[in-house]
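Every chain is numbered from 1 and lettered A, B, ... according to where its sequence line falls, protein lines coming before strand lines.
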There are 2 protein chains.
Amino acid sequence: MERKTIQKDAIKEAFLSKSRPLRVDEVLLIGRKKVRSLNQATVYRNLKSLVEAGWLKTIHHPELGVFYERAEQGHHHHFHCHACNRLFEIPGCALRKKESALPGFVVERHEVFFFGVCSSCAHT
Amino acid sequence: MERKTIQKDAIKEAFLSKSRPLRVDEVLLIGRKKVRSLNQATVYRNLKSLVEAGWLKTIHHPELGVFYERAEQGHHHHFHCHACNRLFEIPGCALRKKESALPGFVVERHEVFFFGVCSSCAHT
DNA sequence: GTCTATGCAAACGTTTTGCAGTGGG
DNA sequence: CCCACTGCAAAACGTTTGCATAGAC
């Protein structure tokens with residue numbers, strides 16, 4: 001059913017070449033270097049199917065919108081520096097499980113986003 | 001400078017009457033019960049100014065978009081039940097400060113979102 | 001009377017969709 | 001040869017903006 005296309009390859013490669021979360025428009029731009037005709041509708045459709053296939057994860061940035069990153073990297077959180085506007089990955093999980101839910105509630109997933117100033121911006 | 005209008009009052013009242021986070025379209029709908037002519041552009045403009053005034057806080061729901069809630073209620077997180085699709089407030093903060101940042105990073109703010117099943121949905 | 005806030009409609013950016021045609025299996 | 005996937009253009013969606021005017025002060 002699933003067909004291998006040069007478009008899908010180009011999109012995957014975009015994530016393998018950059019090791020940071022990418023926006024849709026970045027994927028489109030990077031992908032076009034490989035496949036000139038690459039269309040944004042194709043990017044959207046492939047990102048969706050790659051998420052469903054478990055190859056990508058969606059990051060919902062509260063201010064900058066949707067990013068995608070390789071699922072492989074395991075659970076972690078994100079930090080947005082409002083000085084340099086870059087997105088950082090915070091390894092591990094700083095959540096206390098016990099205090100994460102009301103009694104009887106089942107927590108299946110969570111997303112954490114930090115905002116502030118990164119080390120290089122803070123030192124100047 | 002700031003003028004008191006029946007539209008702004010109606011919008012504030014919407015939040016005082018419901019004690020849960022509201023979407024823009026909900027605010028519009030509730031507000032129209034008081035001011036029939038209430039326009040969505042007016043809602044957007046007032047929500048923005050109420051956030052700037054510190055009366056409202058913005059909640060970025062990763063899947064359902066933007067919600068607003070009264071700022072008064074203090075720091076807490078949110079839980080979305082995918083069974084009944086309701087939004088719950090989780091009092092307190094389950095984050096371990098020390099593990100929240102990389103060395104040298106200054107965390108000013110964070111947002112946490114939990115997904116799962118609420119107690120009433122889990123028991124049926 | 002002044003000038004801010006409103007209502008309306010158009011514009012905007014992002015994402016989705018219908019459809020005809022390409023190309024992977 | 002078939003049908004999933006693509007490209008294109010239009011549509012859909014949530015939000016913002018320009019402008020004339022109502023209404024707060």
Side-chain angles (χ1 to χ4, degrees), chain A residues 1-15 21-69 78 80 85 87 111 113, chain B residues 1-15 21-69 78 80 85 87 111 113:
Chain A
M1 341 234 71
E2 273 280 289
R3 284 179 188 175
K4 176 177 155 70
T5 64
I6 52 169
Q7 288 86 348
K8 177 164 282 180
D9 275 356
I11 290 167
K12 282 179 158 184
E13 262 195 54
F15 287 96
L22 298 176
R23 274 176 283 116
V24 175
D25 61 293
E26 292 176 312
V27 176
L28 181 60
L29 227 57
I30 299 168
R32 273 191 173 151
K33 288 177 191 163
K34 265 240 135 191
V35 182
R36 280 255 291 298
S37 69
L38 185 62
N39 187 273
Q40 40 142 255
T42 303
V43 172
Y44 276 104
R45 284 189 274 235
N46 274 301
L47 289 177
K48 194 177 176 186
S49 80
L50 286 170
V51 168
E52 282 162 8
W55 200 83
L56 282 181
K57 269 201 283 197
T58 308
I59 308 169
H60 301 269
H61 189 295
E63 268 117 48
L64 303 182
V66 180
F67 286 73
Y68 294 87
E69 69 181 352
H78 294 93
H80 178 228
N85 229 42
L87 207 58
E111 295 195 16
F113 235 102
Chain B
M1 350 229 66
E2 273 279 289
R3 283 179 188 175
K4 177 177 152 73
T5 64
I6 52 169
Q7 287 86 348
K8 176 164 282 179
D9 275 358
I11 290 167
K12 282 178 159 185
E13 263 195 54
F15 287 97
L22 298 176
R23 274 175 283 116
V24 174
D25 60 292
E26 292 177 310
V27 176
L28 180 60
L29 227 57
I30 299 168
R32 274 191 173 150
K33 289 176 189 162
K34 268 238 136 192
V35 182
R36 280 255 293 297
S37 69
L38 185 61
N39 188 274
Q40 41 141 256
T42 304
V43 172
Y44 277 104
R45 286 189 273 234
N46 273 301
L47 289 177
K48 194 177 177 185
S49 81
L50 286 170
V51 169
E52 281 163 7
W55 199 84
L56 283 181
K57 268 200 285 197
T58 308
I59 308 169
H60 301 270
H61 189 296
E63 266 117 49
L64 304 181
V66 180
F67 286 72
Y68 295 87
E69 70 180 351
H78 295 92
H80 178 228
N85 230 42
L87 208 57
E111 294 195 17
F113 235 103

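The CG atom of A:L22 sits 11.5 Å away from atom CD1 of A:I11, with the distance rounded to the nearest 0.5 Å. Taking NZ from A:K34 and CD1 from A:I6, the interatomic distance works out to 9.0 Å, rounded to the nearest 0.5 Å. The CG atom of B:L56 sits 8.0 Å away from atom OH of B:Y68, with the distance rounded to the nearest 0.5 Å.
Rounding to whole angstrom units, CG of residue A:L28 and C1' of D:dC8 are separated by 14 Å. In this entry the distance linking NZ of A:K48 with C1' of D:dA4 reads 15 Å, nearest Å. Distance CG (B:N39) to P (D:dT15): 14 Å, rounded to an integer number of Å.
Nucleotides of DNA chain C with any atom under 4.0 Å from a heavy atom of chain A span, from 5' to 3', C:dT14 to C:dG25.
In this structure, B:Y44 reaches the D:dT15 phosphate: one of its side-chain N or O atoms is under 4.0 Å from OP1 or OP2. In this model, the phosphate group of D:dT6 is approached by a side-chain N or O of A:N46 to a distance below 4.0 Å at OP1 or OP2.
Legend: residues meeting side-chain contact (heavy atoms from CB on, under 4.5 Å) with B:R23, ordered by chain and number and at least two apart, are B:D25, B:E26, B:F67. B:K33 meets the salt bridge (charged side-chain N to carboxylate O under 4.0 Å, His left out) test with no other residue; sequence neighbours excluded. Residues satisfying the salt bridge (charged side-chain N to carboxylate O under 4.0 Å, His left out) test with A:K8, not counting sequence neighbours, are A:E2. By the salt bridge (charged side-chain N to carboxylate O under 4.0 Å, His left out) test, B:K48 is found to be paired with no residue, residues two or more places apart in sequence or in another chain being considered. Residues satisfying the salt bridge (charged side-chain N to carboxylate O under 4.0 Å, His left out) test with A:R32, not counting sequence neighbours, are none.
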Quiz item: Between B:F15 and B:I30, does a side-chain contact (heavy atoms from CB on, under 4.5 Å) hold up when you go through it step by step?
Solution: CA-CA 9 Å; B:F15 287 97; B:I30 299 168; over 6 Å; no

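Between B:G31 and B:A10, the shortest heavy-atom distance links the atoms O-CB, 4.0 Å.
Using a 4.0 Å cut-off on heavy atoms, the residues of residues 31-38 of chain A that approach DNA chain D are A:S37, A:L38, listed by number.
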Sequence neighbours left out, cut at 3.5 Å: what donor-acceptor pairs do the side chains of residues 37-46 of chain A make with other protein atoms?
| from | atom 1 | to | atom 2 | distance (Å) |
| --- | --- | --- | --- | --- |
| A:N39 | OD1 | A:A41 | N | 2.8 |
| A:N46 | ND2 | A:T42 | O | 3.1 |

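Helix bend of the helix from C:dG1-D:dC25 to C:dG25-D:dC1: the angle between its two end axes, each built from five pairs, comes to 20° after rounding to 10°.
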Quiz item: What string of B, S and - do you get for nucleotides 18-25 of chain D, 5' to 3', if B is base contact, S is sugar-phosphate-only contact and - is no contact with any protein heavy atom under 4.0 Å?
Solution: B----BBS

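Mapping A:V66 and B:K8 onto DNA chain C by nearest heavy atom places B:K8 at the nucleotide closer to the 5' end.
For residues 50-65 of chain A, the side chain to side chain donor-acceptor pair (under 3.5 Å) pairs, not counting sequence neighbours, are A:H61-A:H80, A:E63-B:R109.
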